[in-house]
Enquirer: 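Could you have a look at this structure, given as structure tokens, before my questions?
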Number of protein chains: 4
Amino acid sequence: MQNPAPRLGRPRDSHIDQAVLAAARELLAESGYVGVTMAATAARAGVGKAAIYRRFDSKAELLFAATLHGMDIEPPADSGSLRGDLRAMARVIHERLTSPAARQVIPPLLAEMSHDAELTGRLQNTFVASERRDLAVIVERARKRGELRRAPDPALAHLLLGGPIFLALLVLPDPMDTARLDAIASAVAAGLTTEPGDSPAD
Amino acid sequence: MQNPAPRLGRPRDSHIDQAVLAAARELLAESGYVGVTMAATAARAGVGKAAIYRRFDSKAELLFAATLHGMDIEPPADSGSLRGDLRAMARVIHERLTSPAARQVIPPLLAEMSHDAELTGRLQNTFVASERRDLAVIVERARKRGELRRAPDPALAHLLLGGPIFLALLVLPDPMDTARLDAIASAVAAGLTTEPGDSPAD
Amino acid sequence: MQNPAPRLGRPRDSHIDQAVLAAARELLAESGYVGVTMAATAARAGVGKAAIYRRFDSKAELLFAATLHGMDIEPPADSGSLRGDLRAMARVIHERLTSPAARQVIPPLLAEMSHDAELTGRLQNTFVASERRDLAVIVERARKRGELRRAPDPALAHLLLGGPIFLALLVLPDPMDTARLDAIASAVAAGLTTEPGDSPAD
Amino acid sequence: MQNPAPRLGRPRDSHIDQAVLAAARELLAESGYVGVTMAATAARAGVGKAAIYRRFDSKAELLFAATLHGMDIEPPADSGSLRGDLRAMARVIHERLTSPAARQVIPPLLAEMSHDAELTGRLQNTFVASERRDLAVIVERARKRGELRRAPDPALAHLLLGGPIFLALLVLPDPMDTARLDAIASAVAAGLTTEPGDSPAD
DNA sequence: GAATAAACGAGACGGTACGTCGCGTCTTAAG
DNA sequence: CTTAAGACGCGACGTACCGTCTCGTTTATTC
């Protein structure tokens, strides 16, 4: 995305924003990430290519905005237990990652990250930051509940919970079922609950 | 890669295999995945493009072969405990994923997977299958040792252990340190050890 | 150019006319015809693009107005001989065509003529018509003087005198010197003086 | 055009040369210079754009090659008189300039000359140089015949004869008829025959 | 040893997306 | 109604890269 606030001259037509994003989503669904073309998107939206490039610096930014931007996750409700909270959280994370659009778009965007710092920031912000924030809440809740003696690093919790989902999305052929999702959440809950010193050998 | 066995005519020059792979690795280090060009690779190797395409079906296959192929992981030694085995395994997985070449190459290859079934198989075989096999050994060992009452699904173990490492590689800016790697392994060990029914709410 | 006479609402700011033309001339000198951009001209003049298009229909019209319009040639003084008159006329024509601005602008405008009838008319009026008129005067003067038995077609005279100057401007690398200009005028004078039937073979 | 002589690798397909030039000529006839598009030319020729750019540096070079290149004028036959030779020469020049393709292409190419030195050379070579050469022959023939005491500068002769034709082509609406062409040639013959000192006032 | 078959270096080829740029029009708010 | 600013539709440009094909040449195996 680009700078949002000019106050002089003709203002951006917000209908175009919507038309472009919609066109991009349609083409993505029809032809996949590679099949989405700036020219085709412009044509589908009834818009000039320049109008797109005025809003998005690149195809990657466009498709990010069309699919992932604003897909905020809701703050997790208190289920009464750490494990319950993690299960809910796992489902939320999973859901967000496995929408058809997201499945199409995430791998190429991850590939783009190496040459696009701005996109990198955007992706990290969308996924990592918000999820860590929510996990911090969950973990703190568990500590207050007495399930945890000390609240572990939310970043660790995020890796433990989100990592398996992420890996499954990217390299496994078939989507995960709820049972497996719950098994992951349970294992993470157990892993977080057990103190580092609890195990016999260290 | 392609079929290896014609027996007529001039045989393949095996020097070329090496020269091409070396050239690809050099260019990858210099310019990143996108910067690697088949033409440049051929030129650098002192070779025609056809000689490359005779060996590799596509740029993706070439770079896979140049960086990831044959990077087999050694079967994990018995450390005496599940947690110790997982720590060793975590380090092995991490090491393999974070070589400079692998970091450059993995994201684009993941993106390529959607339109290249052969590559998909190759990647899954290299990463998922071998790691699952090794984890199966580890888990079975722990069961025999008495650490686990029932051996959990190796696929689950793989997701739990490999997922966090994978996620960190792809979306986090900085590499993981050993402490975090160990923390992950410990948490996974605890998660696997705790029976599903042990927790109060299920 | 466009219709000059609105009488309602805010009157045109005549400072803008000058600023635009000056900006166009500056940019023309700096960057040549192609390098002149409507946007850049507007910016240089401190003016909106609309203010330019309100005055000129196109880039071609603008640059015509900025460089050639009003460049009227003075009626030729009587030098006492056809040859003298033609020499004076040749210099006038040459001078008008070889100002730096004119050299930059004439070839593109000639190219534009094929798709712009209005511009065609303007150019023909500026160059052909006025020069023919003046040549008609010169030729008629020569007839009265007795140098010519019959006044030849002024259009022919114009082609004979203006053509060589034009050709030199467009395709020759270096500008013409006065000697050559005089030689051309002399030859044309001789050519017009000699009756068609004077030559042996016809 | 570009360098003609590689001896390694796959040779240029000369069918493509012809197909591209033919396509360019067709499109030129259908849509005019501006209407000719590199993409359309490629499509029409059943060829990739790169194959065109490999042969021609720019649209201007392509259209030059498609219309004017190789349009050499034949050496003028001896008609027995300077005037006859000039008439023949005038017709040859006129004919070359007024083919439909040439009429379309010459004005834009003249406009391109200012930013394309190579094209400038090509055009000067095609038109100026060859015509001067032929005129030198004609003038020398006339001198030997005794029609001229001294052979005038062929460059001057070229300006006098070619200039009017050129001017008529570029700025006059309608094509010239043969009568006018002959009148020009006659006038030039007379102009060249008359010695500079013959006229009363110098 | 000649014939065959394939590999080889070089680079042309078809195709196609990219991002940029300019033109001339349109849309604001301000005057 | 004019102005400054600048967004808009359109569409061409020239570049780049992919993966394939075509040369002429080289190098083994097979007849």
Side-chain angles (χ1 to χ4, degrees), chain A residues 6-13 15-16 34-43 45-59, chain B residues 6-13 15-16 34-40 42-43 45-60 62, chain C residues 6-13 15-16 34-40 42-43 45-60 62, chain D residues 6-13 15-16 34-40 42-43 45-55 57-59:
Chain A
R7 271 289 165 273
L8 242 46
R10 178 175 177 176
R12 296 267 173 87
D13 182 343
H15 292 31
I16 290 181
V34 176
V36 176
T37 287
M38 300 308 265
T41 307
V47 142
K49 274 203 296 174
I52 300 184
Y53 279 105
R54 214 171 281 122
R55 289 166 171 76
F56 308 99
D57 282 332
S58 65
K59 175 176 169 178
Chain B
R7 273 290 166 271
L8 233 54
R10 177 174 173 176
R12 296 263 175 90
D13 182 343
H15 294 27
I16 291 182
V34 176
V36 176
T37 288
M38 298 309 266
V47 142
K49 280 206 297 174
I52 300 184
Y53 279 104
R54 215 170 280 122
R55 290 165 172 77
F56 308 97
D57 281 331
S58 67
K59 174 177 169 178
L62 165 62
Chain C
R7 272 293 166 271
L8 234 53
R10 177 171 172 177
R12 297 263 175 90
D13 181 344
H15 294 27
I16 292 181
V34 175
V36 176
T37 288
M38 299 308 267
V47 141
K49 281 206 295 174
I52 300 183
Y53 279 105
R54 216 169 280 121
R55 290 165 171 78
F56 308 97
D57 280 333
S58 67
K59 174 177 170 178
L62 165 62
Chain D
R7 271 287 165 276
L8 241 45
R10 179 175 175 174
R12 296 267 173 88
D13 181 344
H15 293 29
I16 291 182
V34 176
V36 176
T37 286
M38 299 308 265
V47 143
K49 275 206 294 175
I52 301 184
Y53 280 107
R54 212 171 284 124
R55 291 167 169 75
D57 283 332
S58 65
K59 175 176 170 178

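Owing to the predicted nature of the structure, the values given are computational and were not obtained by experimental measurement. Chain identifiers are assigned alphabetically (A, B, ...) following the order of the sequence lines, protein sequences preceding nucleic acid strands; residue numbering begins at 1 within each chain.
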Enquirer: Rounded to the Å, how far apart are A:I52 CD1 and E:dT20 P?
Expert: 13 Å
Enquirer: Are there any protein N/O atoms within less than 3.5 Å of an N/O atom in nucleotides 26-28 of chain F, and if so, which ones and at what distance?
Expert:
unit_1 : atom_1 : unit_2 : atom_2 : d
F:dT26 : O2     : B:R10  : NH1    : 2.8

Enquirer: Can you tell me how far C1' of E:dT27 sits from NE2 of A:H15, to the nearest Å?
Expert: 13 Å
Enquirer: In whole Å, I'd like the distance from the CG atom of C:D57 to the P atom of E:dC23.
Expert: 15 Å
Enquirer: Protein-nucleotides 9-13 of chain F N/O pairs closer than 3.5 Å?
Expert:
unit_1 : atom_1 : unit_2 : atom_2 : d
F:dG9  : OP1    : A:G46  : O      : 3.3
F:dG9  : OP2    : A:G48  : N      : 2.9
F:dA12 : O5'    : D:T37  : OG1    : 3.4
F:dC13 : OP2    : D:M38  : N      : 2.9

Enquirer: Please report the closest heavy-atom contact between B:A42 and B:G48, naming both atoms and the distance.
Expert: CB-C, 4.0 Å
Enquirer: Just jot down the side-chain contact (heavy atoms from CB on, under 4.5 Å) partners of C:A39, sequence neighbours excluded, or say none.
Expert: C:T37, C:K49
Enquirer: Which atom names give the shortest non-hydrogen contact between C:A51 and C:I16, and what distance separates them?
Expert: CB-CG2, 4.3 Å
Enquirer: How far does the helix from E:dG1-F:dC31 to E:dG31-F:dC1 bend, going by the axes of its first and last five pairs, to the nearest 10°?
Expert: 20°
Enquirer: Could you tell me whether the side chain of C:L62 reaches within less than 4.5 Å of the side chain of C:M38, counting heavy atoms only?
Expert: yes
Enquirer: Starting at CG of B:L62 and ending at P of F:dG19, how long is that distance when rounded to a whole Å?
Expert: 10 Å
Enquirer: Who pairs with D:A50 by side-chain contact (heavy atoms from CB on, under 4.5 Å), at least two apart in sequence or on another chain?
Expert: D:R54
Enquirer: Atom CZ of A:F56 to atom C1' of F:dA7: distance rounded to whole Å?
Expert: 15 Å
Enquirer: Is the shortest side-chain N/O distance from B:R12 to OP1 or OP2 of E:dA5 below 4.0 Å?
Expert: no
Enquirer: Working to the nearest 0.5 angstrom, can you tell me the gap between C:S58 OG and C:Y53 OH?
Expert: 7.5 Å
Enquirer: Quick check on DNA chain E: between D:D13 and C:S58, whose nearest nucleotide comes earlier from the 5' end?
Expert: D:D13
Enquirer: Rounded to whole angstroms, how far apart are CG on D:L8 and P on E:dA12?
Expert: 10 Å
